[in-house]
Amino acid sequence: MLQKIQQTAAWIKSHTASRPLTAIILGTGLGRLAAEIEVKDSFPYADIPNFPLSTVEGHSGRLIFGQLGGKEVMAMEGRFHFYEGYSMKEVTFPIRVMYELGIKNLFVSNASGGMNPEFAIGDLMLIRDHINFMPEHPLHGPNFPTGPRFPDMHEAYDHELLEMARQIAREQGIKVVEGVYLATQGPTFETPAEYKMYRILGGDAVGMSTVPEVIVAHHCGIRVFGVSIITDLGVEGKIVEVSHEEVQRAANAVQPLMASIFREMIKRI
Ligand code: HPA
């Protein structure tokens with residue numbers, strides 16, 4: 001495993017002169033931020049040794065190196081989901097590669113169902129914390145030397161980055177909400193009873209990604225900032241049929257706001 005990670009990192013280093021400190025993962029319907037990056041090099045996942053292949057519609061599957069907010073960044077346009085059949089090791093493989101490449105900050109984004117009754121479709125939720133409700137743990141197995149066997153998780157989402165995002169949202173007049181992201185394995189969206197249960201458990205939003213990557217990044221000492229776009233509502237009385245297309249459409253509409261916050265944060269870090 002470690003050999004594969006190092007092999008992939010070495011391949012990337014030999015194919016781009018870019019040496020970013022910040023990485024971005026673009027979630028469902030959020031790939032357009034990639035268009036704001038002044039791209040220097042981009043690699044389809046299929047061309048990168050040892051990389052899994054993205055299969056979901058709305059994910060084009062490219063690793064991008066370029067400039068955003070005047071800084072070098074790398075971006076994953078499309079991620080690997082557990083529900084697609086990848087193992088947790090595959091889902092988090094790119095994070096291990098990021099660590100080898102010297103990444104210090106990770107920005108993650110996703111689409112999710114809002115369960116907090118105060119949320120509305122199109123809200124941008126800053127992720128303050130998460131609940132890992134996935135059936136497998138990404139750190140299962142022999143411990144990687146990047147971090148301890150029993151990692152502390154009291155600040156999985158970096159407080160400084162969170163405060164910076166709040167400040168920037170205020171400055172730019174962008175409405176943000178905050179909350180706890182609860183990750184399920186998918187691929188089903190929730191039944192009304194499941195939304196209710198996840199709400200009782202403490203979730204403000206529910207989705208099918210992000211948490212594995214965040215856990216591994218945290219274990220690697222990478223600072224994490226996360227944003228969840230509320231694309232549908234799992235609130236009693238407001239639950240309607242939801243489809244992947246609608247999720248993509250709702251996420252699409254909020255992309256410029258998310259991009260604006262990401263860009264400014266990257267400029268400042
Ligand atoms: N549930 C789970 N995942 C999601 C949802 C949802 O309601 N919306 C977007 N991703």
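Source: prediction; values computed, not measured.
- Residues Q185 and M134 approach most closely at N-CG, 4.3 Å, considering heavy atoms.
- A donor-acceptor contact under 3.5 angstrom links the side chains of E171 and Q167, judged on distance only.
- Under the ring pair (Phe, Tyr, Trp, His ring centres under 6.0 Å) test applied with F133, the options Y198, Y181, F82 reduce to a single match, Y198.
- Residue K71 qualifies as enclosed at atom NZ: its count of foreign heavy atoms under 6.0 Å is above 12.
- Note on E236 versus R199: no salt bridge recorded, every NZ/NE/NH1/NH2 to OD/OE distance being 4.0 Å or above.
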Review point. Are E190 and K196 close enough, and set up right, to give a salt bridge (Lys or Arg N to Asp or Glu O under 4.0 Å), and what steps lead you there?
Key: CA-CA 9 Å; E190 286 63 40; K196 191 172 176 180; over 6 Å; no
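- Residues I103 and P20 are in side-chain contact: their nearest non-hydrogen atoms beyond the backbone lie under 4.5 Å apart.
- Residues F51 and W11 keep their aromatic ring centres 6.0 Å or farther apart.
- A heavy-atom distance below 4.5 Å is not found between the side chains of S42 and L63.
- Residues F93 and F80 keep their aromatic ring centres 6.0 Å or farther apart.
- The stretch residues 134-143 participates, sequence neighbours left out, in these side-chain hydrogen bond (donor to acceptor under 3.5 Å, both in side chains) pairs: N143-H219.
- Annotation for V216 and P138: closest pair CG2-CB, 3.7 Å, computed over non-hydrogen atoms.
- For the pairing with T210, the side-chain hydrogen bond (donor to acceptor under 3.5 Å, both in side chains) check across H81, H130, R79 returns one residue only, R79.
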